[in-house]
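Small disclaimer: the values here were computed from a predicted structure and weren't measured. Letters A, B, ... are given to chains in the order of the sequence lines, protein chains preceding strands, and every chain is numbered from 1.
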2 protein chains.
Amino acid sequence: MSERRKAPTSVDIARAAGISQATVSRALNGGVVSDETRARILQISKSLGYSPNAVARGLVTSRTGLVGVVVSDITNPFYPEFLEEIGRTLADRGQQMLLQNGHAGDQQEAVELLLQQRVDGIILTAATPGLGILRDLVRRRFPLVLANRTVDLACDSVEGDNAAGAAAVVDHLYGLGHRRFAMIEGTAGTSTATQRTAGFLGRLADHGIELKDEFRVRTDFRYEQAFTGTERLLDRRYPPSAIFCHNDLLAFAALNVIKERGLRVPEDVSVVGFDNTLQSGWKSIDLTTVDQPLAAMAARSVELLGGRLAEPELPPRREVFPAELIIRGSTGRRRPRSRS
Amino acid sequence: MSERRKAPTSVDIARAAGISQATVSRALNGGVVSDETRARILQISKSLGYSPNAVARGLVTSRTGLVGVVVSDITNPFYPEFLEEIGRTLADRGQQMLLQNGHAGDQQEAVELLLQQRVDGIILTAATPGLGILRDLVRRRFPLVLANRTVDLACDSVEGDNAAGAAAVVDHLYGLGHRRFAMIEGTAGTSTATQRTAGFLGRLADHGIELKDEFRVRTDFRYEQAFTGTERLLDRRYPPSAIFCHNDLLAFAALNVIKERGLRVPEDVSVVGFDNTLQSGWKSIDLTTVDQPLAAMAARSVELLGGRLAEPELPPRREVFPAELIIRGSTGRRRPRSRS
């Protein structure tokens, strides 16, 4: 990418050549232009003092300047924050975001549609192991970055330290005296859910605690599923005193159920999320959660893709960002109501 | 669009012709294919019983299948909900979303970038009157739909009934006994802010109430601005008993300030938003707000654009969706704390 960025802008050339900016831009992005126009653009850019090689590369590659981005649920506040930074970083590189939003079942199609639009590369934030098309992309050396969720493939990836984050949740809650835990889990098989579950259960085991199956709520990272799951947990004869949720969206659902029932947070039930979304810090919500550096992860995803476009033969890079517990008002010691 | 949708899918043709789906799709979207391939696709689709005219139209137009969508702030929960439905409706039509996210200053550039990618049309959700490029687009008859925010141009638009919604807020609050009002306003000059202000002030005037300037907080629809604005309102010797916010995001900020100060909602201060985002209905937030039918408005924007692509000479259509007050827990009668 670095050489392309030094190329003249379409505005510069269009002005000097007296042709439309759209045409110049199309030519620089590998689109369709006549041989005559192509020659003219090369000549003009040379006369403007730009490296003819960089321009020629833009003219002969089939780059579209489009980057496909796949998310699983744009109404989960994690994704808008992630996309905002991805969009900003792409713009800095002269690229644009072709957005596909869809739940797991649609992701194969989402990737196919992006390929039909001849995107230069794809940032996939919601990989699942069963996604066969990813294997094809890696085999074809198609520029691909897995962000947030990863699968076991030889491609670039960016993720948070999910297991360490979940273990820190146990330490915090155990230290507050909690012994009756529940966990609201994300989509089975995703790396985020798998690692968060492993970190949570592993650290509980260190404390000699086993989480029984009836205290594990399985979801597809959907608000409604966490809502009904929390209802079931609270309906139990001995409900949990602390609920760890695999992301903030699930935790928001848990908090809402607890408040609708007139229970107190954290005196009756403590709740922890994961992501440290903007909303989690709002006073109305005030959620203890695990921070993932969303903006840094998003920006790094774009950078890795840029590096891959510039040097396709680079070995795959896997980057893990630290996860940090952010303690807020939704966790505390359990305080039974006074009977007076 | 309707004729294009009756065209065979790229899967059907690819299978019958024994060529790749990507090639067929490119051809149908007006991309680059050899004359031979083009002829073959026409022949195959005829043999499959599809209207050769519809196919030919796809082959000869310069359609890219890309629709540009411009939003001003993707972390405002209004937009993810809007985009989710836009994405779904575009997908039904075989189109994809090129997303540009950016605040007012960047929108001219956002539109230019979309044009460089040869989008078939643009859905702009954050129009401002000063946006010169919109005038150019309309003059060139470029397919454009203004959604949510409108400006006075001869193009298709979809918006909520902002003035009626704001007037309903006054009726509700006045009926609860409120007389000391404040308003946290959105970006000056936008149709949404202008109409919501007019509706609110107009109905207050009907009740003989004038809103003094010190009770009007000007923002650019930004959370932080509403946060500090609410602080200033509450610092007043006689703070307002009811705050109307021009959207839910601003109202969330107001609620958070009120809660951070240990004040009660609604006993000390009532708060009203606008948009009826998913979050506004959460028990932790429980915000009285004005419903705009976001999903219907989003879907209709895509339909209007489709109609415009099919029939460029249609007269401009302006559609206004009803706004409805949704009463929740953030509004009530003011109840001074007992002095006992």
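- Contacts of B:Leu90 with chain A are absent, with no heavy-atom separation under 4.5 Å from either backbone or side chain.
- By number of non-hydrogen pairs under 4.5 angstrom with chain A, the leading residue of B:Phe252, B:Tyr79, B:Phe227 is B:Phe252.
- To the nearest 0.5 Å, the span separating CD on A:Glu85 from CD1 on B:Ile74 amounts to 12.0 Å.
- Neither the backbone nor the side chain of A:Leu115 comes within contact range of chain B; no heavy atom of the residue lies under 4.5 Å from a heavy atom of that chain.
- With a 4.5 angstrom heavy-atom cutoff, A:Ile258 does not touch chain B via any of its atoms.
- With values rounded to the nearest 0.5 angstrom, A:Lys259 atom NZ is found 8.5 Å from B:Ile285 atom CD1.
- The distance from the CG atom of B:Leu98 to the CD atom of A:Gln117 is 9.0 Å, given to the nearest 0.5 Å.
- For B:Ile86, no part sits under 4.5 Å from any heavy atom of chain A, backbone or side chain.
- The contact between A:Leu249 and chain B is made entirely by side chain atoms (from C-beta outward), counting heavy-atom distances below 4.5 Å.
- At least one donor-acceptor pair closer than 3.5 Å links the side chain of B:Asn256 to the backbone N or O of A:Ser284.
- Rounding to the nearest 0.5 Å places OG1 of B:Thr75 at 5.0 Å from CD of A:Glu84.
- B:Leu114 touches chain A through backbone and side chain together, each having a heavy atom under 4.5 Å away.
- Partners of A:Gln292 under the side chain to side chain donor-acceptor pair (under 3.5 Å) rule, at least two apart in sequence or in another chain, are A:Asp275.
- Less than 6.0 angstrom separates the ring centroid of A:Tyr223 from the ring centroid of B:Trp282.
- Remark: B:Gln96 CD to A:Gln116 CD distance equals 7.5 Å, nearest 0.5 Å.
- In B:Arg261, the CZ atom is crowded: over 12 heavy atoms of neighbouring residues, nucleotides or ligands sit closer than 6.0 Å.
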